[in-house]
Structure formats: structure tokens, C-alpha cells
Visitor: 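Okay, handing you the structure first.
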Amino acid sequence: MTEHTLTVAGVAVDTRHWIGGERIASSETFTDVSPIDGSTLGEISRGTATEAAAAVAAAKAAFPGWAATARAERARILHAIADGVDKRIEDLAIVETHDNAALLRSHRRGVMPRVAHNFRFFADWLLKLEHEEFETRGHTNHVSWDPAGPCVLITPWNAPLMLATWKIAPALAAGNTVILKPAEWTPLTASLLADIAAEAGLPAGVLNVVQGYGAEAGNALVSHPDVRRISFTGSVPTAKAIGAASAANLVPTSFELGGKSPLLVFADADLDLAVDLAVEQYDNAGQVCLAATRILVEESIADEFTKRFAQKAATLKQGDPRDESTDLGPNIHPRQLEKIDGFVQRALAAGARAVIGGAPNTDLGGLYYRPTLLTDVAQDSEVVQEEVFGPVLTLQTFVTEQEAVTLANDTRFGLAATLATGDHERAERVTAQLVAGTVWVNCFFVRDLQAPFGGSRQSGVGREGGTWSFDFYCDLKNTVTAPKGWQNHG
Ligand code: NAD
């Protein structure tokens, strides 16, 4: 152990940046605290404009070599990273759980395998990516996917390594170099990934990790003139700040932002399924961008739905996220808990009724908030319009299908929507009218990485996934070649 290493449940994590294939410490640090019990995990290097510039310079220097590396070799190294992730799933899972308090069992069985899959998927997709050709008056138009250059990737704390690698993998596959800035509340697994990537043979400078605060390290990175792409997942206000900074250099940005997604439950739905889908929205203590936090139920079944929902939600076990039997862990930070409770108390003061929950879980203490369902909420009220990012759902009723669609679309977001209905034609009709990047019919969260992912309105700008990721991370080039012996007569 050195002064730059911390240990989490026996797993050593380097607390420094990873720049140009070297560990670099900053003179200042910030404290990483576990939301599980408020314990200090360690002191992390606090990046500034100096480290940001060093990381961009390293990424710029490594770019020509990596861009010129054959696709098959890039794919081989990405597969080796995936293998390295697989070997360390247990380490990654335990460290991530201590850092962001999401369930250990989800990290073990869902999230970390998906991290490995991100690398394998984009490595394989790269090999399938066609260089298209068109012909014009005997001339060949050859379209190539050229890598763009250094990419800055900025990620949030709610699914740190999964969201980071969803960007890192296609950016690297495309032949770009990367500077990742993880969220300051969850810096640890990014550091482990740097180790894994180096062991897998990724050349120095191709992946860099700068730790630190958004306004400091993050802002310096997104403002840097040598950056060629910025992909950001996080909140709307931060996206606006990044958009303003990137506009100065005209750097293309991809934004995956928040949501206030609806779950529409029609009277013809399988009610047990609809209740299951609704209760699932408490996953990760409600800290899921895609969560369908606005339940819209057809009036004729609203009482029965609400009764069954409350019964099912009462079976959720809230507790330590390291315990295999826990369903709901704590929230991320005292500030987040305060924010969640603020939304709920203002809603209650305005006349909402808490069917369940409505307060922090004082039996458990710490950062646990009781799963909450609020009824009697107005469509234009804060709790219906704004993202709470905690275990707080609202329930409203509708009478007609058109009313359901109108309520569903009536926020400034458009990330996702979920429908529970037994009528296939209704599903098609309603889906066609919903403003959402993803619509789930009688299911939730299932998604193929080949499909586009992103949000409409203020839920995002652009789409990533499959070829859409390469569209973003590449500079497309059309090379027009004249036929042999062709004379240009104007
Ligand atoms: P946030 O916007 O506060 O922070 C996200 C990241 O941006 C962090 O790494 C932070 O350090 C950095 N940052 C902050 N200010 C910056 C600046 N000026 N310049 C550069 N970087 C800066 O968001 P959060 O609270 O960490 O995450 C929660 C939000 O993320 C929610 O709104 C959630 O819906 C959204 N989210 C969206 C998706 C999606 O795929 N659409 C997925 C997960 C989370």
C-alpha cells in the first residue's frame, strides 16, 4: 500500500489520475465517502486545469498511433479489456457498491457483466461497420469512418462504470483516444478500469482518467480546444453549461440527460404485470434516469391498482446494499436526500397524499428514504414536472386514451415511456404519439445495444448505440475517385 492507494473491502484502488499511462497525483485531494454508512473511503486526487490539459495532451499524442491501428487489433484489445473486467467482476462490484450504494447483487450479476459486454459489443460492431460506396457518373464515392480525435467523456454517479464504458468502448473502437472524468461522488471503479485497460495492452495515452469536480476538472476538459468530441451523461443544468463551453470550440456533443417518464396503465392491462412494472421503478433507490416516475392509471382500475401496488411495495426490503436480500439501498448523498425530501414535503404541503412513504426512513437512519407514492398531485405541480431522482412516484388517473397521451407528453422531458396494456393496437396507437427516446410495452429496461438510445426534448441531444455511436464518434469522410483515364472537361 502506498499513500496513493485506498482499500475497499480488501480491494486496492489507486487514488491518482491516469494520464499518458502514468499515475499522476494532484497537490490537493477531495474526500470520497461511502453512502452506505458515511465512512471515508479515501482521499482522491483533485484535478484542475493543469491535469485536464496534461490528459488532453496525452490523448492528442496517442491519437495518431491508435487511429492507425488496424480495426482487428483495436477489437482484440477491447475484447482483452472485457476479459479483464470479467476476471475482476467481484472487485468491481464490491468497490462500486461501497462508492454509490447500488445493490451488490445487481453489480455482480447485471451491471459488471454489462460493462464487459459494452467492450465486446462495440469491438464486434466495429468489425461489421461497412465502408459504403456509391457511384456518380462513373466516379466512386467511398464513405469512410474516420476517428475524430480526443474525446472527453463525463459521467454521473448513479451507474458509474456502466455509463462510462457505454461511451469509452465505442469511442475507442472508432479509433479515438479518451479522457474520462467520473463523478466526484463515485471516482473508484474508473481507476480500476484504467488498470484493467493497461493490463489488456491498451497503449499509453489512449485512455486517460482525470478525477475531480465538475466545475473544475470537468469544465477545463470540456473547454479545451484540442478536444474533438464531448459525450455527457448527467443533469440538464450541467448539459447547458457544457453546451456553452463546447460551443466556443464548435465541438460536437452528445447529451444523455434526465427524465420524468410516464408509466401508462390501461384497464385492459395484466394488472399483476402492471404493478410489478410500477414497483420496479424504485430500483437503485429511484436513482435511474429512465425510471417511470409518473404512474398514469385508467380511472376504472385506479383503486385496485393502488391497493395492489401498496401491498407489493410493502414487501420491498430496505437495507444495506451489500446484503443479498436487500431490494432498496440508501440514496447517494445527504444533499440528494435533502433534495428528495424537499420535493415530497412541498408536494404534501400543496395537498398531495402519501399512499406509502413520504419521509426518510428514520428506523434505518443514514441516507435511506422510504419508497413513496403520492396521489392528488396536479399536472403542473413541481413533483410531477421535475426529476426527483429518489424513490418517489406520483399517481394520476385518466379516463380516455387521448387524455393519457396528453398527460404523458406534458413535461419538458422525453427520455422514455412504459405502457401496460393487453391491446396490441392500442399500444401501437399510443406509442406513435408519445415523445420518448425509448418506449417499453409490457416490459421495462430491456434493450439491445444495437438500438439507438437517447432522449427527446430536454432529455438529451443525439442518440448513441450501435451505428449511432459510430456516427457520433467518427468524422465521416466521402472520397470521390474518378474512373481511370477520366479527363476533367469542366
Ligand atoms: P450532474 O450533471 O450533476 O453531474 C454529472 C457529471 O458532470 C459529473 O461527473 C460532474 O462532475 C460533471 N460536471 C458538473 N458540472 C460540470 C461542468 N460545468 N463541466 C463539466 N462537467 C461537469 O449529474 P448527476 O447528479 O451526477 O447525475 C444525475 C443526472 O444524470 C440525473 O439528471 C439523471 O437523470 C441523469 N442521467 C441520465 C442518464 C441517461 O442516459 N439519459 C443516465 C444516468 C443519469
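Each ligand, and each atom within it, is numbered from 1 in the order the structure gives. Please read these numbers as outputs of a predicted model, since none were measured by experiment.
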Visitor: Write out the protein residues near ligand 1, meaning a non-hydrogen atom under 4.0 Å from one of its atoms, in order of chain and number.
Guide: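 The 4.0 Å shell around ligand 1 contains I154, T155, P156, W157, N158, L163, K181, P182, A183, E184, G214, G218, N219, F232, T233, G234, S235, T238, I242, E256, L257, G258, C289, E387, F389, L415, F453.
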
Visitor: For residues T48 and E216, is any side-chain donor paired with an opposing acceptor at under 3.5 Å?
Guide: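 Side-chain D/A pair, T48 to E216: absent.
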
Visitor: Roughly how far apart are T15 OG1 and E43 CD, rounded to 0.5 Å?
Guide: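 One finds 8.5 Å between OG1 of T15 and CD of E43.
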
Visitor: Using modelled atom types only, decide if a donor and an acceptor are shared between the side chain of W440 and the backbone of V446 within a distance under 3.5 Å.
Guide: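 Yes.
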
Visitor: Please set out all donor-acceptor pairs under 3.5 angstrom arising from side-chain atoms of residues 156-169, sequence neighbours excluded.
Guide:
from	atom 1	to	atom 2	distance (Å)
N158	ND2	Q287	O	3.1
T165	OG1	N118	ND2	2.9
T165	OG1	L161	O	2.8
T165	OG1	M162	O	3.2
W166	NE1	E256	OE1	3.3
W166	NE1	E256	OE2	3.3
K167	NZ	S231	OG	2.8
K167	NZ	T233	OG1	2.8

Visitor: CG of L290 to OG of S459: how many Å apart, nearest 0.5 Å?
Guide: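 With rounding to 0.5 Å, CG (L290) is 9.0 Å from OG (S459).
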
Visitor: Is R120 close to L449 at the side-chain level, that is, under 4.5 Å between some pair of heavy atoms?
Guide: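 No, every pair of side-chain atoms sits at 4.5 Å or beyond.
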
